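Here the structure is laid out as structure tokens; the discussion comes afterwards.
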Amino acid sequence: MGRRIGVFVCWCGSNIGGVVDVSRVAEAAKKFPGVVFTQEYKYTCSEPGQEMMVQAIKEHQLDRVVVASCSPRMHELTFRKTVARAGLNPYLMEMVNLREHCSWVHPDDPEGATEKAIALVRKAVAKAARLEPLYESRIGITKRALIIGGGIAGIQAALDIADHGYDVVMVEKEATIGGKMAILDKTFPTLDCSACICTPKMVDVAQHPRITLYTLAEVEQVSGYIGNFEVTIRLKARYVDIKKCTGCGLCETKCPVKVPSEFEQGLGMRSAIYKPFPQAVPNKPVIDADNCRKLREGKCGLCAKICPTGAVNYEDEDVFITEKVGAIVMATGFELIDWTQYYGEYGGGKYPDVITGLQFERLVNASGPTGGKIKRPSDGKVPETVVFIKCVSSRDDKKGKAYCSRVCCMYTAKHAIQVKEKLPDTEVYVFYMDARNPGKGYDEFFERAKKAGAKYIRGRVSKIYREGDKYIVKGEDTLIGRNIVVEADMVVLATAMVPVSNAADLAQRVGFSYDKEGFFTEAHPKLRPVETNTAGVFLAGCCQGPKDIPDTVAQASAAASKVTALFSRDEMETTPMIASVNPDLCSGCGLCLSICPYKALSLQETPDGKRFVASVNAGLCQGCGACTAECRPGALNLKGFTNEQVIAEVRAACLF
Amino acid sequence: MSVLNNQDKAKEWRPRIVVFACNWCSYAGADLAGISRIKYPATARVIRVPCSGRVNPHFVLQAFQYGADGVLVSGCHPGDCHYATGNYFTRRRFQVFRRLLEYVGFEKERFHARWISGSEGGKFAETITEITAAIKKLGPNRKMRRELH
């Protein structure tokens, strides 16, 4: 082949040199086919080390480079840049992992480590001799972001991106944006009213000239790749023309149907044509088709008759639209676990006064069903004793989820304070496993709850049952080792946060990974916390894992900054290590089409028009190589990991 | 004397194991074994591939023909593939492949497919230790080996 290969062996101080006989490795490398130059150095990655490499490449006219040092996951990019400085194509460099895979794991066997190091270098030289120059191609970027989910995470991300001057499309499955934060009464640790800080932001979204908002909408399909996604969105039938509707609310007052309100967590009622809550954005009603008499039975039609603008349209149907975007932010939030299926001993949902934390939020909310007066849902009685139970289905994989939901300690402290403020004579008991308050001002807030008079009992509640109009709560105080019985009027459960029920399905549709709970997986838990493993898809809020509002907002802004960084360029480089087709070998069988996870392969007619052969879309191909193993005639190959290169490595690794 | 020498040689014999490790999980797992300084025998020669789905069974056959005493194909856990589905194909291919090896009378203990994640440095070290011990019991691969020298 007449290659001029240079081998640079690194001591990495004593990290490699302390175990592996580096000089022997460099000496052995001289005899490998094509090697014309070898060098050893204490720290090859250092400035002088890199400079020596540049000089050696020029002086000895090296055309391929092998660097035997640490993991390529650490320094491949560094040395690619180094060889590029010497005028070589950056992909003509191959690394050998002498540190993580050799010296660090064989400290007691210097002889074995040195032999292995020689074998690894021989393997890399064999591959290097077959390396070909590769060139990055450039793809354009659609400077438009899609935000899936209109809770506080989605709102923050949308506003940040739009304020940067880029267009945003927001898709929310409910009739209004605002998410769970809009349901809350007050927010810890400052106790400022949730609506006061959330609803202005909702209005900002609706009024922002750069944000297109689709409510009652769901993402059906996503195709394409970073910078160039094409998204199909289903706009569900609203039965109200929001262009004609003025939001006057007359229809709601006349509708004869009354059903439990989702926004009020079942504690209040709403009509079949309704606004989820008075500050909903958009502030227009929607018809609940499952409960509307006109849509179910063809009778009634009152709302259409009463509507002064003729906005009601019973013939409305789902519409599909497509949007082109360059980046996607997932902000689908959370739900509360259905605790009733795990906790039969707490009544399994049959006691009306055993409620969730989110229901309690509505009970203390001034705009809630009781006007902010804490009353029992069953009989409207003011409770004299309220029991809070934390970790219901959290931190318990036998009865729900193994993880901590992170917000319950704080919101239970908040609820306890609220009860003591509104009803000073009411007794408050909190059963807890641990008090986890690691946030700014959080532990102080927890102390405040205790000072306010909440009695914290460390232990679990084993049973709740009814006696007269009281609920008997039996538990144990594990700190004094005594059984505790509380006669309560109302019990509030801090139930586990779980991802939205269709999270996994949505992740599959958009095309990125999620964990066994259905939370979306970040690309790296520490260093890439808002990115997914799919380029161009970012995460914000509880869809990634349980978190409170400050963390959610911080993460949403972080995701937005990743999106704007991407949009700050007109085009981006794509990896050149992708599949390629030899059309002369391709039989056109099409087996590769179904194996490709990115739909990057298609059959294209040959120029002579006689047959069809596979063709790779460079923008879609991520370079996994699954197609190459599937290809029967061997027409598909993977640049940077070609069949010839891998087989040469195999052969060199097997020689003595 | 010669018997003794042979025994000494047998003691020194170090199997050569070719490891195909996917870049995202198993290669990172092997890196983590290093970072955590978990020791294992110096028998593995790791070939980095983007995904275990890239590993053509042909490569494995070649390894045995060139004299590898053992081969390990290692990828992300099913469901965790960086490329979403690559390792499902790996799983299917190599289940069939292992049966084929057995069918043609080759020791199937020389071939392994494992799932090792980027956080499983210990599992990588254990796997190499375990496979090395198993292959030491079998002795060198002579059956499929081409005489190259």
Side-chain angles (χ1 to χ4, degrees), chain A residues 70-74 95 97 99-109 111-117 119-120 123 127 508 511-516 521 525 533-534 577 595-598 622-631 634 638 640-641 643 646-647 649-656, chain B residues 14 16-20 22-24 27-28 30-60 62-69 71 79-90 93 124-125 128 145 148-149:
Chain A
C70 52
S71 173
R73 292 170 60 88
M74 175 103 189
M95 280 189 80
N97 192 339
R99 197 177 69 176
E100 284 84 343
H101 288 193
C102 194
S103 64
W104 275 354
V105 287
H106 312 310
D108 306 334
D109 184 9
E111 179 56 32
T114 305
E115 268 176 34
K116 176 173 167 177
L120 292 177
K123 177 177 81 71
K127 183 175 181 185
Q508 285 167 1
F512 60 91
S513 48
Y514 52 93
D515 67 17
K516 66 183 192 329
T521 310
N533 264 335
T534 300
M577 295 167 118
I595 200 170
C596 177
Y598 305 101
Q622 301 286 311
C624 71
C627 57
T628 60
E630 194 73 4
C631 182
L638 186 65
F641 296 94
N643 295 330
V646 176
I647 288 169
E649 278 191 276
V650 167
R651 184 175 177 174
C654 292
L655 295 173
F656 282 103
Chain B
R14 203 191 292 275
R16 275 159 305 170
I17 302 167
V18 171
V19 179
F20 294 96
C22 80
N23 183 48
W24 306 99
Y27 197 93
D31 276 2
L32 185 63
I35 293 161
S36 324
R37 312 295 199 278
I38 305 171
K39 292 171 201 168
Y40 57 88
T43 49
R45 313 276 187 266
V46 176
I47 294 176
R48 186 164 68 121
V49 286
C51 174
S52 58
R54 167 69 182 110
V55 183
N56 195 317
H58 177 211
F59 300 163
V60 180
Q62 289 267 314
F64 284 128
Q65 287 174 338
Y66 285 128
D69 300 305
V71 173
D80 291 347
C81 180
H82 179 75
Y83 304 102
T85 53
N87 53 6
Y88 293 133
F89 297 110
T90 313
R93 269 179 205 138
F124 183 85
I128 300 299
R145 181 175 182 167
L148 299 164
H149 309 291

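Protein chains get the first letters and strands the later ones, always in sequence-line order, with residue 1 at the start of each. Quick caveat, the model's predicted, so the values are computed rather than measured.
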What's the shortest heavy-atom distance between [X] and [Y], and which atoms?
X	Y	answer
Ala113(A)	Ala42(B)	N-CB, 4.3 Å
Ala63(B)	Val650(A)	CA-CG1, 3.3 Å
Cys654(A)	Val18(B)	SG-CG2, 3.8 Å
Tyr27(B)	Ser71(A)	CE2-OG, 3.6 Å
Phe641(A)	Arg54(B)	O-NH2, 2.6 Å

Worksheet item: What's the verdict on side-chain contact (heavy atoms from CB on, under 4.5 Å) for Ile47(B) and Lys127(A), showing C-alpha distance, side-chain angles and the deciding distance?
Response: CA-CA 10 Å; Ile47(B) 294 176; Lys127(A) 183 175 181 185; over 6 Å; no
Worksheet entry | Part of Asp515(A) lying under 4.5 Å from any heavy atom of chain B | neither
Worksheet item: Is it the side chain or the backbone of Glu630(A) that comes within 4.5 Å of chain B heavy atoms, both, or neither?
Response: both
Find the distance between [atom1] ([X]) and [atom2] ([Y]) and round it off to the nearest 0.5 Å.
X	Y	atom1	atom2	value
Asn23(B)	Arg73(A)	CG	CZ	5.5 Å
His82(B)	Gln622(A)	NE2	CD	7.0 Å
Glu100(A)	Ser36(B)	CD	OG	10.5 Å
Asp109(A)	Lys39(B)	CG	NZ	11.0 Å
Cys624(A)	Tyr83(B)	SG	OH	6.5 Å

Worksheet item: Taking every heavy-atom pair that is under 4.5 Å apart, which of Pro107(A), Ser103(A), Cys70(A), Pro72(A) has the most such pairs with chain B?
Response: Pro72(A)
Worksheet item: Relative to chain B, which of Val646(A), Thr521(A), Thr534(A), Leu120(A) shows the most heavy atom pairs under 4.5 Å?
Response: Val646(A)
Between [options], the one whose heavy-atom pairs under 4.5 Å with chain A are most numerous:
options	result
Cys51(B), Ser52(B), Ala125(B), Cys22(B)	Cys51(B)
Pro57(B), Cys81(B), Gly86(B), Ala44(B)	Ala44(B)
Ile35(B), Val46(B), Val49(B)	Val46(B)
Gly53(B), Ala30(B), Pro50(B)	Pro50(B)

Please flag which part of [X] lies under 4.5 Å from any non-hydrogen atom of chain A: side chain, backbone, both or neither.
X	result
Phe89(B)	side chain
Ala28(B)	both
Val71(B)	neither
Arg93(B)	side chain

Discussion item. Does Arg48(B) form a side-chain contact (heavy atoms from CB on, under 4.5 Å) with Met95(A)? I'd like the steps, not just the answer.
Written reply: CA-CA 10 Å; Arg48(B) 186 164 68 121; Met95(A) 280 189 80; over 6 Å; no
Worksheet item: In terms of side-chain geometry, is the basic nitrogen of Arg45(B) or Glu649(A) positioned less than 4.0 Å from the acidic oxygen of its partner?
Response: no
Worksheet item: When you check the gap from the basic side-chain N to the acidic O, do Arg99(A) and Asp31(B) get nearer than 4.0 Å?
Response: no
Discussion item. Students often mix this up, so state it plainly: with edges at 30° and 60°, are the rings of His106(A) and Tyr40(B) parallel, tilted or perpendicular?
Written reply: perpendicular
Fill in: Under 3.5 Å: donor-acceptor pair, side chain of Lys116(A), backbone of Pro41(B)
no
Practice prompt. Kindly indicate, with the supporting measurements, whether the criterion side-chain contact (heavy atoms from CB on, under 4.5 Å) is fulfilled by Ile38(B) and Trp104(A).
Written response: CA-CA 8 Å; Ile38(B) 305 171; Trp104(A) 275 354; over 6 Å; no
Item to complete: Mind checking side chain to side chain contact (heavy atoms under 4.5 Å, CB included) for Cys627(A) and listing every partner two or more places apart, or none if nothing turns up?
Response: Ala579(A), Cys592(A), Ile595(A), Leu601(A), Leu636(A)
Discussion item. Between His58(B) and Asn643(A), does the side-chain contact (heavy atoms from CB on, under 4.5 Å) criterion hold? Intermediate values first, please.
Written reply: CA-CA 10 Å; His58(B) 177 211; Asn643(A) 295 330; over 6 Å; no
